[in-house]
Amino acid sequence: MRYAQILGTGSYLPARRMSNEDISKIVDTSDEWIAERTGIRARHLAAAGEQTSDLAVQAARAALADAKVHAEDIDLIIVATATPDMTFPATACLVQNKLGIAGCAAFDVQAVCAGFMYALVTANAYIQSGMAKKALVIGAEIFSRLLDWNDRRTCVLFGDGAGAVVLGAADKPGILHAKLKADGAYSHILNTPGKVANGEVDASPFLYMDGQAVYKFAVKALSKVGADVLLEAGMTAADVDWVIPHQANQRIIESTAKHLGIGMDKVILTVAEHGNTSAASIPLALDVGIKDGRIRRGDTLLLEGIGGGFAWGAVLLQY
Ligand SMILES: CC(C)(COP(=O)(O)OP(=O)(O)OC[C@H]1O[C@@H](n2cnc3c(N)ncnc32)[C@H](O)[C@@H]1OP(=O)(O)O)[C@@H](O)C(=O)NCCC(=O)NCCS
């Protein structure tokens, strides 16, 4: 059996940190309100000249160094992003060029905050089928540019960043099992409708969210997909060493963990310092947990993400 194994991880946060106090100078909000409802205390924001591909390349270089893999040995690059540098070409192609390589397959996946789950599962399929040997899977976002900075209901929630993993073909696990789900009937509760058309942006270029509807859907969907992945893999919550959830809201993470029967002492939390970095949040949290020594080689990890679409999924793997 051929598996896709994580050979290394890396991440990048832009230098500028914006605390809840800083945001309360822009909109009518408070550290107390934001922290109590979401767990968020701060987020990082990209500099004016920084593009999503720049964040992605920083994370990718760190992951390649961690994996001790040369960029030339990568034969697949997937970037999960809802905030690409351009309408086209794909950010993955720009990342490839900035890494100084050419020739390998490179494309983006768009599943918003579930993007890293979709990208990881796609790379896993390439590796299991023999179509790729070493893949760079990146989640990178500059969500701050989709926000209406006059709208306190949304601008306090998101941040910018990137996380990356290098996956390699191996005889031992690796990714054990995964499940991806989507339901387009929920596209109206979380979206950014504007697109470039006829020389202009044809609808609102800002993120819209029905927070309560998203909250309810997220807890239900993440609890079910996590439980299903464990069941189908013949494992239980007791087999999981660490959960690395999408970092949107601490209360969603806590409710989901409770439904799954997993204690919060087994959950990697970065939402306080990162905010919701969409497709970047899971690989960012994974890298934090690995680099601070909590996640060790051989540990069983459950990764879970959900976002606009709705799209969601879970990946069970042995690190
Ligand atoms: C966004 C969220 C924190 C809002 O919390 P909530 O308890 O649902 O709050 P509501 O939207 O009902 O708003 C309650 C009040 O707080 C106010 N409010 C909203 N944002 C605020 C802010 N940043 N600061 C202060 N007050 C705020 C509202 O205006 C409202 O006031 P009103 O009652 O006077 O009209 C919560 O719904 C949530 O986390 N949802 C999930 C979001 C998410 O995870 N999205 C990403 C998925 S990938």
Side-chain angles (χ1 to χ4, degrees), residues 18-43 80-83 109-119 139-144 146-161 163 180-184 186-192 206-223 225-226 244-257 259 267 269-272 274-285 303-314:
M18 183 184 255
S19 68
N20 289 348
E21 282 85 7
D22 296 332
I23 281 207
S24 69
K25 290 173 193 143
I26 304 173
V27 287
D28 181 16
T29 190
S30 64
D31 175 51
E32 201 184 357
W33 193 97
I34 303 169
E36 191 184 298
R37 307 249 178 162
T38 70
I40 298 167
R41 294 266 179 201
R43 70 287 295 144
T81 187
T83 50
V109 301
Q110 219 291 38
V112 207
C113 302
F116 191 74
M117 295 295 83
Y118 272 72
E141 302 276 20
I142 302 187
F143 250 58
S144 62
L146 290 183
L147 302 173
D148 176 353
W149 285 92
N150 297 309
D151 178 9
R152 67 178 182 176
R153 290 167 302 152
T154 52
C155 76
V156 303
L157 302 175
F158 297 90
D160 305 332
L180 297 178
K181 305 280 288 178
D183 188 345
Y186 292 89
S187 60
H188 62 289
I189 62 172
L190 182 55
N191 57 41
T192 300
F206 294 126
L207 180 144
Y208 165 80
M209 184 177 69
D210 175 345
Q212 289 186 4
V214 168
Y215 189 104
K216 282 186 207 137
F217 190 92
V219 172
K220 210 168 61 178
L222 288 174
S223 303
V225 78
I244 299 97
H246 171 48
Q247 310 281 325
N249 178 311
Q250 188 164 332
R251 293 186 324 174
I252 292 178
I253 294 171
E254 285 169 355
S255 283
T256 307
H259 278 102
V267 178
L269 271 181
T270 53
V271 69
H274 299 175
N276 181 348
T277 58
S278 184
S281 95
I282 295 172
L284 260 165
L303 281 51
E304 283 204 296
I306 187 160
F310 256 76
W312 66 101

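Note that ligands are numbered from 1 as they come in the structure, with each ligand's atoms numbered from 1 the same way.
- Summarising the contacts of atom 43 (C) of ligand 1 with Val214, Asn276, Val271, the nearest heavy atom is found in Val214.
- Taking any N or O of Asn249, backbone or side chain, at least one lies under 3.5 Å from an N or O belonging to ligand 1.
- Ligand-side atoms of ligand 1 in range of Cys113: 48 (S), range being under 4.0 angstrom from any heavy atom.
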Derivation of the side-chain hydrogen bond (donor to acceptor under 3.5 Å, both in side chains) call for His188 and Asp210
CA-CA 8 Å; His188 62 289; Asp210 175 345; over 6 Å; no
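- Checked for salt-bridge contact, Arg43 and Asp160 miss the test: no charged N lies under 4.0 Å from a carboxylate O.
- Atoms of ligand 1 found under 4.0 Å from any heavy atom of Ile306 (numbered from 1 in listed order, with element): 48 (S).
- Contacts of Thr29 with ligand 1, taken as heavy-atom pairs under 4.0 Å, involve both backbone and side chain.
- Nearest to atom 34 (O) of ligand 1 among the protein's heavy atoms is Arg152 NH2, 4.8 Å.
- Nearest to atom 14 (C) of ligand 1 by heavy atom, out of Glu36, Arg37, Arg153, is Arg37.
- Scanning Phe217, Trp312, Trp33 for the heavy atom closest to atom 18 (N) of ligand 1 points to Trp33.
- Within the 4.0 Å heavy-atom criterion, neither part of Val27 lies near ligand 1.
- Remark: ligand 1 atoms within the under-4.0 Å shell around heavy atoms of Val156 are 23 (N).
- Panel note: side chain Thr81, backbone Ala140; a donor-acceptor pair is recorded below 3.5 Å.
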Checking side-chain hydrogen bond (donor to acceptor under 3.5 Å, both in side chains) for the pair Glu141/Thr277: CA distance, chi angles, key distance, verdict?
CA-CA 6 Å; Glu141 302 276 20; Thr277 58; over 6 Å; no
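- Those atoms of ligand 1 with a heavy atom of Thr38 less than 4.0 angstrom away are 3 (C).
- The heavy atom nearest to atom 44 (O) of ligand 1, out of those in Gly39, Gly308, Ala248, Ala218, is found in Ala248.
- Taking distance alone, with nitrogen or oxygen atoms compared against 3.5 Å, Gln212 approaches ligand 1 more closely than that limit.
- Looking only at heavy atoms of the protein, atom 40 (N) of ligand 1 is closest to Gly211 O, 2.9 Å.
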